[in-house]
Structure formats: C-alpha cells, structure tokens
Amino acid sequence: MRNLERRNIPSWPFWGVAIWMVLTGLIGHCPVWLALIVPAAAAIALGLLADYRARKIRQLERDLKALGEDLEQEKLRSIQREKELKAEQLKREEQLRSAISHELRMPLSIIQGYTELLTRDDLERAQRQEYLDKILQRTKFINDTLARHMLNSRERAMSSPDCHQMDLVALTRQITLDLSNVLGNKGIGIQCVSTQDELWVKADRDLLGKIFYNLAENAGKYMGREGLIVIRLSQVGDQAQVIFQDDGMGLAEDETGRIFDLSYQGSNRRGGQGHGLYLVKRSIQAQGGDVSASSRPGQGMTITFTLPLADSGPSGTVGS
C-alpha cells in the first residue's frame with residue numbers, strides 16, 4: 001500500500017474490496033441488498049480515511065522538503081552576508097591605510113629633512129632650536145592624524161554592535177580580576193560588588209570590555225593618588241546599572257559635565273587626545289544604554305551607565 005501511496009494511486013479501492021470480501025463472508029445469510037450496502041459503505045469510509053492519510057503524508061513530505069530548502073537558502077544567505085561584511089571590513093582597512101599613508105608622507109619627509117640638518121656641526125643654537133620646533137610640530141600633526149583616523153575607525157565599528165545575551169556579573173568580575181594586577185602596581189585597588197549573582201544583559205562583549213578598560217585607565221591616570229575603585233552592579237527596572245566609582249582627587253562640577261565631549265581635557269589633563277570617555281559614551285549609547293558622571297574636588301569621580309536587560313538568561317529568568 002505504501003508503494004501505491006508513493007505513486008499517488010488511491011489505496012481505498014483495494015481496502016474496499018478486502019473489507020467487502022470479509023463482511024460478505026460474515027453476513028452471508030443476510031438479505032442481498034444488506035450484504036451489498038454494508039460492505040460497500042464500510043469500504044468507502046475506510047477508503048476515504050486511507051486516501052486522506054495518504055494525502056496528509058504527501059503534504060507533510062512536501063512541507064518538510066520546503067522547510068529543508070528554506071533552511072539551506074538561509075544558510076547560504078548567512079554565508080554570503082558574512083563574506084560581504086568581511087569584504088567591507090577589508091575595504092575599510094585598506095582605505096584607512098591608504099589615507100594614513102597619504103597624509104603622513106609629507107610630514108615624515110619634513111621630519112627627516114630637519115633631522116638631517118640637525119646632524120650638522122655648524123648650526124647655531126637658534127637654528128637648532130628652530131629645527132627642533134619644526135620636528136615637534138610635525139610630530140604633533142602625525143599624532144593628531146593617527147588619533148583622528150583611529151577615532152573614525154572605532155566609531156564605524158560602534159555603529160553596528162554585535163549584541164548578544166551575556167552575564168554582566170561574570171564578565172565584570174573577570175575584568176576586575178584582569179585589571180587588579182595592572183592597577184595594583186599604581187597602588188590602586190579594584191572591587192566588583194553586585195546585588196545579584198547573575199545579571200543578563202544584551203550587549204557587545206568586546207565593546208563592553210573596552211568600556212571597562214577605558215574607565216579603569218582613565219581612573220588610574222586622574223585619581224592622583226593611591227586609592228580604590230569600586231564597580232557596583234544592580235538591576236533598576238528593565239535596565240542593568242553599573243556604577244564605576246573611584247576615591248581620587250575628583251573634578252569640578254562644571255568640568256565634570258564635559259568629560260564625555262570629544263577631545264575635551266580638563267584642568268587635570270595628563271596628555272592624550274581626550275577621546276577615551278567620548279568613546280565610552282558612544283559605545284554605551286550604541287548598545288541602547290546611557291551614561292552620566294558626577295564629581296566634586298577631593299571626592300572622587302562616579303560614572304554611572306545602564307544597559308538593557310536581556311529577555312531571559314539560560315534558565316529562562318528575565319534579567320537575572
């Protein structure tokens with residue numbers, strides 16, 4: 001019968017004949033009309049059921065085949081998208097190298113020229129200082145150019161964060177452990193305190209790691225003394241809240257409001273380009289969160305940011 005169904009041949013006539021033969025033998029002493037009607041009705045009913053079953057099986061086979069084809073097509077599309085992303089990344093990297101090479105070629109040539117002049121023994125003191133100033137100017141130009149291109153590259157990377165579900169508590173504790181040795185050399189301790197054992201968020205792991213490292217580097221640079229950094233984690237509504245607090249020298253209130261501005265450097269500047277906290281803000285916003293800062297002279301700096309909770313963690317619980 002299965003072979004008949006595969007060939008789309010209805011099986012109910014065969015079942016009908018078989019049932020008719022059995023019932024005819026059983027009710028051989030019944031009236032002729034009854035002996036004909038009962039087997040025929042039974043045969044038709046069973047035949048219709050068998051035919052319905054065969055059609056359902058064929059439909060199921062077609063659906064499974066279509067599903068398999070859809071999955072295969074989605075797999076091919078995913079592979080194609082990955083190839084396109086890699087090609088685009090390689091293209092951007094090549095453009096970056098080309099732009100940097102073009103912009104730095106001339107200042108490097110100028111530096112080389114002045115450096116060669118400085119090797120002369122007959123230079124007067126004023127000339128030597130003039131050449132050194134020229135070299136310093138071009139060096140600053142090179143540093144600013146590299147910083148600008150790196151900033152643009154990081155901003156492009158942040159425009160499409162790769163967000164996944166992750167346990168913020170586990171990640172922060174691991175990062176705290178990694179940072180403890182580095183900061184410990186400066187006499188700065190670091191702790192992670194959480195109100196929950198798990199706090200599941202939807203975020204980009206790499207970007208989140210860079211946020212913590214930037215905040216720790218900034219604190220280590222500007223605390224101005226030995227002290228302690230405390231990272232506090234908690235859930236506030238449908239957000240995960242991170243409070244990054246140090247007990248350093250702090251900053252005036254009017255300056256604190258500008259620390260996330262591009263290229264801003266406060267009265268306690270320690271070099272650099274002023275991009276670190278700007279990138280922190282952009283990274284947090286790119287992942288659907290927000291960030292703020294508060295500080296007073298002598299009372300340390302507190303940076304608070306939020307991230308959206310994941311729909312559920314591995315155990316199916318929401319947020320935590």
Side-chain angles (χ1 to χ4, degrees), residues 154 157-158 160-223 225-248 250-251 256 259-260 272 275-295 299-320:
R154 290 176 180 176
M158 288 186 299
S160 54
D162 185 18
C163 294
H164 298 284
Q165 292 186 109
M166 67 184 67
D167 181 8
L168 181 62
V169 176
L171 178 64
T172 307
R173 285 175 176 166
Q174 181 59 54
I175 291 175
T176 301
L177 183 63
D178 295 340
L179 289 170
S180 60
N181 293 330
V182 177
L183 293 172
N185 294 331
K186 299 180 180 181
I188 300 174
I190 184 169
Q191 298 176 356
C192 175
V193 179
S194 176
T195 60
Q196 297 166 259
D197 293 332
E198 294 181 348
L199 192 56
W200 289 87
V201 297
K202 189 174 183 181
D204 185 314
R205 179 177 293 271
D206 291 337
L207 278 183
L208 199 50
K210 291 175 182 177
I211 289 169
F212 281 113
Y213 290 130
N214 273 333
L215 291 176
E217 181 183 14
N218 188 76
K221 184 188 296 185
Y222 293 106
M223 282 177 66
R225 60 190 181 191
E226 296 183 355
L228 178 66
I229 297 172
V230 180
I231 305 175
R232 304 182 188 278
L233 309 177
S234 61
Q235 180 176 336
V236 179
D238 59 352
Q239 301 279 314
Q241 184 182 74
V242 181
I243 300 176
F244 194 100
Q245 186 175 28
D246 68 58
D247 58 0
L251 198 62
T256 303
I259 63 173
F260 297 111
H275 293 169
L277 292 181
Y278 168 77
L279 290 172
V280 165
K281 180 178 180 179
R282 289 295 306 276
S283 297
I284 292 170
Q285 291 176 337
Q287 298 172 86
D290 203 0
V291 61
S292 62
S294 61
S295 179
Q299 297 185 16
M301 173 74 70
T302 300
I303 294 178
T304 304
F305 68 90
T306 59
L307 291 168
L309 293 175
D311 294 334
S312 63
S315 62
T317 57
V318 176
S320 60

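Every value quoted in this text rests on a predicted model; they were computed, and no experiment measured them.
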Exercise. For the atom pair CG (N218) and NZ (K221), what is the distance rounded to the nearest 0.5 Å?
Worked result: 7.0 Å

Exercise. Counting distance only, does the side-chain N/O of S295 pair as donor-acceptor with the main-chain N or O of L251 below 3.5 Å?
Worked result: yes

Problem set entry | Test item: Q299 side-chain N/O and M301 main-chain N/O as donor-acceptor pair under 3.5 Å | no

For this session: Kindly give the heavy-atom pair with the smallest separation between C163 and Q287, and that separation in Å.
Result: SG-CG, 4.3 Å

Problem set entry | Point-to-point distance, once rounded to the nearest 0.5 Å, from CZ of R173 to CD1 of I231 | 11.5 Å

Problem set entry | Working for side-chain contact (heavy atoms from CB on, under 4.5 Å), residues I229 and D247 | CA-CA 7 Å; I229 297 172; D247 58 0; over 6 Å; no

Problem set entry | Partners passing side chain to side chain contact (heavy atoms under 4.5 Å, CB included) against Q191 (at least two apart in sequence or in another chain) | L228, V230

For this session: Provide the closest heavy-atom pair for P308 versus Q239 in the form atom of the first, atom of the second, distance.
Result: N-OE1, 3.8 Å

Show me, pair by pair, the donor-acceptor contacts under 3.5 angstrom made by side chains of residues 176-183, not counting sequence neighbours?
{"residue": "T176", "atom": "OG1", "partner": "T172", "partner atom": "O", "Å": "2.7"}
{"residue": "D178", "atom": "OD1", "partner": "Q174", "partner atom": "NE2", "Å": "3.1"}
{"residue": "S180", "atom": "OG", "partner": "L177", "partner atom": "O", "Å": "2.7"}

Seminar exercise, completed: Which of L171, L168, V242 passes side chain to side chain contact (heavy atoms under 4.5 Å, CB included) with L199? It is L168

For this session: Begin with the C-alpha distance, continue with both residues' side-chain angles, and end with the deciding distance and a verdict on side-chain contact (heavy atoms from CB on, under 4.5 Å) for V280 and I303.
Result: CA-CA 11 Å; V280 165; I303 294 178; 5.6 Å; no

Exercise. So which heavy atom on A219 is nearest to which on D246, and how close?
Worked result: CB-OD2, 3.9 Å

Problem set entry | Steps toward side-chain contact (heavy atoms from CB on, under 4.5 Å) verdict (Q196, L233) | CA-CA 8 Å; Q196 297 166 259; L233 309 177; over 6 Å; no

Problem set entry | Spacing of Q285 atom CD and T306 atom OG1 [to the nearest 0.5 Å] | 10.0 Å

Exercise. Could you state the interatomic distance from CG (D290) to CG (L307), rounded to the nearest 0.5 Å?
Worked result: 10.5 Å

Problem set entry | Atom pair CZ (F212) and CG (L207), whose distance is rounded to the nearest 0.5 Å | 12.5 Å

Problem set entry | Rounded distance [0.5 Å steps], CZ in F305 versus CD1 in I243 | 10.5 Å

For this session: Give the intermediate values and the outcome of side-chain contact (heavy atoms from CB on, under 4.5 Å) for residues L277 and K281.
Result: CA-CA 6 Å; L277 292 181; K281 180 178 180 179; over 6 Å; no

Exercise. Considering only heavy atoms from C-beta outward, does the side chain of F244 approach that of I211 to under 4.5 Å?
Worked result: no

For this session: Using the test side chain to side chain donor-acceptor pair (under 3.5 Å), find all partners of Q245 that sit at least two apart in sequence or belong to another chain.
Result: T302

Seminar exercise, completed: In terms of heavy-atom contacts, M166 and L208 come closest through SD-CD2, 4.0 Å

